[in-house]
Amino acid sequence: MDRNELDKQNPAYSQGQPYEQPVSAQPARAVVYDTMPMKNNNMAIVGMILGIFSLLGCWVPVWNLIFSIGGIVSSAIGLARKQRSGMAIAGLVSSIIALLISIVILLIYAAAIMATAA
């Protein structure tokens, strides 16, 4: 006897067994297009951040020298890794400007200290 015959003879069989899984439609799957992963130029980002920090801290000559030299090195590495990176160029320019301003302020500080010492 198959199941259809049992369902006709006894309506208790038509309710289904408790261990049976209900039949449902398969969920729709999302279509994923294979795109190229974005390549980050992390050294250019670091160089730009250090360049911005060195521009903001131009009035602190010693720390600014460290920030601006680090920004120049990081931006140069980022520029060598990827051509025409805007962040690397921005970091390089801002670090060089901050380095020049820091050297001028360091000379002003040194002249002020020598003037008060004399």
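Model, not experiment: these values are computed from the prediction.
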A side-chain contact here means heavy atoms from C-beta on lying under 4.5 Å apart; do V104 and I108 qualify? yes

ILVMFWY clustering at 4.5 Å (side-chain atoms), partners of V62: none

Shared hydrophobic cluster for L65 and I52 (ILVMFWY, side-chain gaps under 4.5 Å): no

The reported gap from CD1 in I72 to CG in L99 (rounded to nearest 0.5 angstrom) is 5.0 Å

From I97 CD1 over to S68 OG, what is the distance, rounded to the nearest 0.5 angstrom? 11.5 Å

So the side chain to side chain donor-acceptor pair (under 3.5 Å) pairs with at least one residue in residues 90-99 (sequence neighbours excluded) are none

Any pair with a residue in residues 55-64 that passes side chain to side chain donor-acceptor pair (under 3.5 Å), sequence neighbours left out, goes on the list, sorted by first then second residue, please. N64-S102

Can you tell me how far the CG atom of L56 sits from the CZ atom of F67, to the nearest 0.5 Å? 10.0 Å

Are V93 and I69 co-members of a hydrophobic cluster defined by side-chain heavy atoms under 4.5 Å apart? yes

OG (S75) and CD1 (I96) are apart, to the nearest 0.5 Å, by 8.5 Å

So how far is it from M87 CE to I89 CD1, rounded to the nearest 0.5 Å? 11.0 Å

L79, V73, I77 screened by side chain to side chain contact (heavy atoms under 4.5 Å, CB included) with M43, the one that passes: I77

Are I101 and Y109 connected, step by step, through hydrophobic side chains (Ile, Leu, Val, Met, Phe, Trp, Tyr) whose heavy atoms are closer than 4.5 Å? yes

Taking a hydrophobic cluster as the set of Ile, Leu, Val, Met, Phe, Trp and Tyr residues connected by side-chain heavy atoms closer than 4.5 Å, whether directly or through intermediates, do I103 and L92 fall within one such cluster? yes

